[in-house]
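In what follows, every chain begins at residue 1, and chains take the letters A, B, ... in the order their sequences are listed. Below, all heavy atoms of this structure are taken into account, side chains as well, without hydrogens, waters or symmetry copies.
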Amino acid sequence: MAKIQAIRGMNDILPEQTPVWQFVEDTVRKVLSQYGYQEIRMPIVEQTELFKRSIGEVTDIVEKEMYTFDDRNGDSLTLRPEGTAGCVRAAEEHGLLFNQTRRLWYTGPMFRHERPQKGRYRQFHQIGVECFGMAGPDIDAELLVLTARLWKELGLAGHTRLEINSIGTSEARKVYRQALVEYLNQYKSDLDADSQRRLQSNPLRILDSKDPSTREILAGAPKLDSYLDEESRAHFDRLRELLDAAGIAYTVNPALVRGLDYYGKTVFEWITDSLGAQGTVCAGGRYDGLVEQLGGKPTRAVGFAMGLERLILLLETLDLVPAHVNSDADVYVTAMGEGAMAPALALAEELRVALPEAVVVSHCGGGSFKSQMKKADKSGARYAVILGENEVANGTAGLKPLRSDEPQRELTWKELSLALAEALKN
RNA sequence: GUGGACGUAGCUCAGCUGGUAGAGCUCAGGAUUGUGACUCCUGCGGUCGAGGGUUCGAACCCCUUCGUCCACCCCA
């Protein structure tokens, strides 16, 4: 009989890993709150129609990557493949967008049925940020300043680079798409197979094809840049000025085209070269049309999503996880002999009250004193507290430093709390 | 969906032209009646991913299947 195991591409995050996750999540949460962003929590499942209408019927995500199933009453439901659609739905449904500005964020798992590889999983985690009701490039710039700040806080500054582009309004894009297809059709047989296919499905994506002969043909192709509408151009120019003023380095990548249908005007990606093929660590853009498209009043919007797995992979690959990010104990309380068991539990509890920041682990599960000391060492604790029948009789406990050569001391319980409070300060 | 590499102990891996499975680490115990890390000794631990085939005999050869990884595609 086959062993039951996790679904392909859906990973367990084990205790070894969770401190890094918490570090990233806590850091992001702190920065977002500094900028005045509010958390919103949405369900993981939505009506299938929501994603079809927002992401685009003909995208790969909707066509072949969604986890879609029928509810018991026959409704078609889908595990969210991204967060923006649900966020817009929730905000609109509860009147959060009417005549006001909003800065929102959320985090959680997303689901796409893709072939897993490095940095790409079927259940993956994003932190998404969405801003509503602000038309100008200032909020675009704020989002990029915010992300740059995040890299700094995570220790990733200098390990990611920013690429930006403007893809204009959907009208401008439509005209350009036509021109591009017309041009490329002249060379159709010289294009690589994937690009020939994309000629039908998503011509703009041919722009970043890696195929050499396709690239050669693209050199003479019409440029999206020259098809931009006036407003988009002005918006983009102003955004660049704001980024320059803020000291955010970027490159304009004319081939940068986001895959989801709802984007327009500003699009951007933070990319690393240290993760192989899945180097996009954060990506987003403006989507002024989406709220209306989903049945709300016209509402300007811009946002981005970060892939947590990729960020964590990057921190680990570059060995940038700070040393303090671990689940090490501070104090390990041993109990020697049956008579010490109850006092040891009581002492540990006293220490937790006296040292609210410290991790105090009680030895449980028996074993020789030697093995208790081994476990104290393994726990990463800086101090072992030793409680045997002698100490219980004397009303004392032994305090043994595990990471230095200082001698072991025998202290009363009160002295022990004070000594540990002092010792754990730095 | 397509292509390539790889599945042997909890982990990292050896295992020759086919002869019936090993090391290091981890864990437990001991050398040291109540003191971890270093050293030494002992021990626990395997349907060799699964199923079938060839063979006197398969971890090794063949077929099928499942899984993992990387890349394409796509994307966070």
Point to revise | Base-pairing assignment for G1(B) (Watson-Crick or G-U wobble, both under 3.5 Å) | key: C72(B)

Check your understanding: H113(A) vs Y67(A) aromatic rings, parallel, tilted or perpendicular, using cut-offs 30° and 60°?
Key -> tilted

Check your understanding: K374(A) near the nucleic acid: base, sugar-phosphate alone, or nothing, with a heavy-atom cut-off under 4.0 Å?
Key -> sugar-phosphate

Review point. With sugar-phosphate meaning primed atoms plus P, OP1 and OP2, does Y383(A) contact a base, only sugar-phosphate, or nothing at under 4.0 Å between heavy atoms?
Key: nothing

Point to revise | Nearest to side-chain heavy atoms of L260(A), which nucleotide of G34(B), A76(B), C73(B) | key: A76(B)

Practice item. Between G30(B) and A9(B), how far apart are the P atoms? Round to whole Å, please. Key: 29 Å

Check your understanding: Looking for any heavy atom pair under 4.0 Å, which part of the strands does A283(A) touch: base, sugar-phosphate only, or nothing?
Key -> sugar-phosphate

Review point. So does K370(A) reach the base of U35(B) with its side chain, donor to acceptor, closer than 3.5 Å?
Key: no

Exercise for review: Could you let me know what U35(B) is paired to, Watson-Crick or G-U wobble, both distances under 3.5 Å, or none if it's on its own?
Suggested key: none

Review point. Under a 4.0 Å N-O cut-off, is there an ion pair linking R352(A) with E349(A)?
Key: yes

Review point. Is R197(A) salt-bridged to D194(A), going by a charged N under 4.0 Å from an acidic O?
Key: yes

Point to revise | Length of the line joining Y332(A):OH and G34(B):C1', which is rounded to integer Å | key: 16 Å

**Study point:** Whole-Å C1' distance, G52(B) and U42(B)
**Key:** 42 Å

Review point. Atom CG of L399(A) and atom C1' of U35(B): how far apart are they, to the nearest Å?
Key: 13 Å

Check your understanding: Does R112(A) make a side-chain N or O approach to OP1 or OP2 of C75(B) shorter than 4.0 Å?
Key -> no

Check your understanding: Base, sugar-phosphate, or nothing: which does R403(A) touch, judged by heavy atoms less than 4.0 Å apart?
Key -> base

Revision key, fill the gap. Rounded to whole Å, the CD-C1' distance (Q408(A) to G36(B)) equals 11 Å

Check your understanding: Quick one: the side chain of Q372(A) and the base of U35(B), do they pair up donor-acceptor inside 3.5 Å?
Key -> no

Practice item. Quick one: label G276(A) by what it contacts on the DNA or RNA (base, sugar-phosphate, nothing), any heavy atom closer than 4.0 Å. Key: sugar-phosphate

**Study point:** Complement of U42(B), any strand, by Watson-Crick or G-U distances under 3.5 angstrom
**Key:** A28(B)

**Study point:** N/O (side chain, R115(A)) to phosphate O (OP1/OP2, C70(B)) under 4.0 Å
**Key:** no

Check your understanding: Taking atom types as modelled and ignoring hydrogens, do the side chains of Y287(A) and E130(A) form a donor-acceptor contact shorter than 3.5 angstrom?
Key -> yes

Revision key, fill the gap. Per nearest nucleotide of RNA chain B, the residue lying toward the 5' end, L402(A) or S209(A), is L402(A)

Practice item. Measure the shortest side-chain to side-chain distance between L104(A) and V129(A) over non-hydrogen atoms and say whether it is less than 4.5 angstrom. Key: no

Review point. Any Lys/Arg nitrogen of R149(A) or E153(A) sitting under 4.0 Å from an Asp/Glu carboxylate oxygen of the other?
Key: yes

Review point. Ignoring hydrogens and angles, does a donor from either the side chain of R120(A) or the base of C73(B) sit under 3.5 Å from an acceptor on the other?
Key: yes

Practice item. Check if the side chain of Q117(A) and the base of C73(B) share a donor-acceptor pair of N or O atoms closer than 3.5 Å. Key: yes

**Study point:** Ion pair R382(A)/D330(A), N-O distance below 4.0 Å
**Key:** no

Point to revise | Phosphate-side-chain proximity, K378(A) and C27(B), N/O vs OP1/OP2 below 4.0 Å | key: yes

Exercise for review: Find the distance K210(A):NZ to A71(B):P and express it as a whole number of Å.
Suggested key: 10 Å

Exercise for review: Using the P atom on both, measure A37(B) against C16(B) and round to a whole Å.
Suggested key: 37 Å

Revision key, fill the gap. Applying the 3.5 Å cut-off to both distances, the Watson-Crick or G-U partner of U17(B) turns out to be none

Practice item. Determine the interatomic distance between C1' on C41(B) and the same-named atom on A50(B); round to the nearest Å. Key: 39 Å

Review point. To the nearest angstrom, how far is M336(A) atom CE from U35(B) atom C1'?
Key: 8 Å

Review point. To the side chain of S371(A), which of G29(B), A76(B), C74(B) is closest?
Key: G29(B)

Point to revise | U39(B) versus G57(B) - spacing of their P atoms, nearest Å | key: 47 Å

Check your understanding: Under 4.0 angstrom, heavy atoms only, what part of the nucleic acid is I386(A) near: base, sugar-phosphate, or nothing?
Key -> base

Study note, to complete from the structure: Of the listed G36(B), C75(B), A76(B), the closest approach to the R205(A) side chain comes from C75(B)

Check your understanding: On a whole-Å scale, what distance lies between the C1' atoms belonging to A58(B) and U17(B)?
Key -> 14 Å

Check your understanding: Has K375(A) got a side-chain N or O lying under 4.0 Å from the OP1 or OP2 atom of A28(B)?
Key -> yes

Check your understanding: For M373(A) and G29(B), what is the distance between atoms CE and C1' respectively, to the nearest whole Å?
Key -> 18 Å

Point to revise | Closest listed nucleotide, where the reference is the side chain of F369(A) and the choices are U68(B), C74(B), U35(B) | key: U35(B)

Review point. Between G67(B), U35(B), C75(B), which one does the side chain of Q5(A) approach most closely?
Key: G67(B)

Check your understanding: Which base, if any, makes a Watson-Crick or G-U wobble pair with A50(B), both distances under 3.5 Å?
Key -> U64(B)

Point to revise | Nucleotide of G36(B), G29(B), G67(B) approaching R8(A) most closely (side-chain heavy atoms) | key: G67(B)

Exercise for review: Rounded to whole angstrom, note down the C1' distance from U12(B) over to U32(B).
Suggested key: 32 Å

**Study point:** Spacing of Y263(A) atom OH relative to C74(B) atom P, expressed in whole Å
**Key:** 17 Å

Exercise for review: Indicate, with a heavy-atom threshold strictly under 4.0 Å, whether T334(A) touches base, sugar-phosphate, or nothing.
Suggested key: nothing

Review point. Are the charged groups of D273(A) and R161(A) less than 4.0 angstrom apart, N to O?
Key: yes

Exercise for review: Pick the P atom in C72(B) and in U65(B), then give their distance to the nearest Å.
Suggested key: 26 Å

Practice item. List the steps, then state whether side-chain hydrogen bond (donor to acceptor under 3.5 Å, both in side chains) holds for D140(A) with T266(A). Key: CA-CA 8 Å; D140(A) 301 19; T266(A) 312; 2.7 Å; yes

Revision key, fill the gap. Out of C74(B), C69(B), G34(B), minimum distance to the side chain of N390(A) belongs to G34(B)

**Study point:** No-H, no-angle donor-acceptor pair, E391(A) side chain to G34(B) base, under 3.5 Å
**Key:** yes

Practice item. Return the value, rounded to whole Å, for the distance between atom CD1 of I4(A) and atom P of G67(B). Key: 14 Å

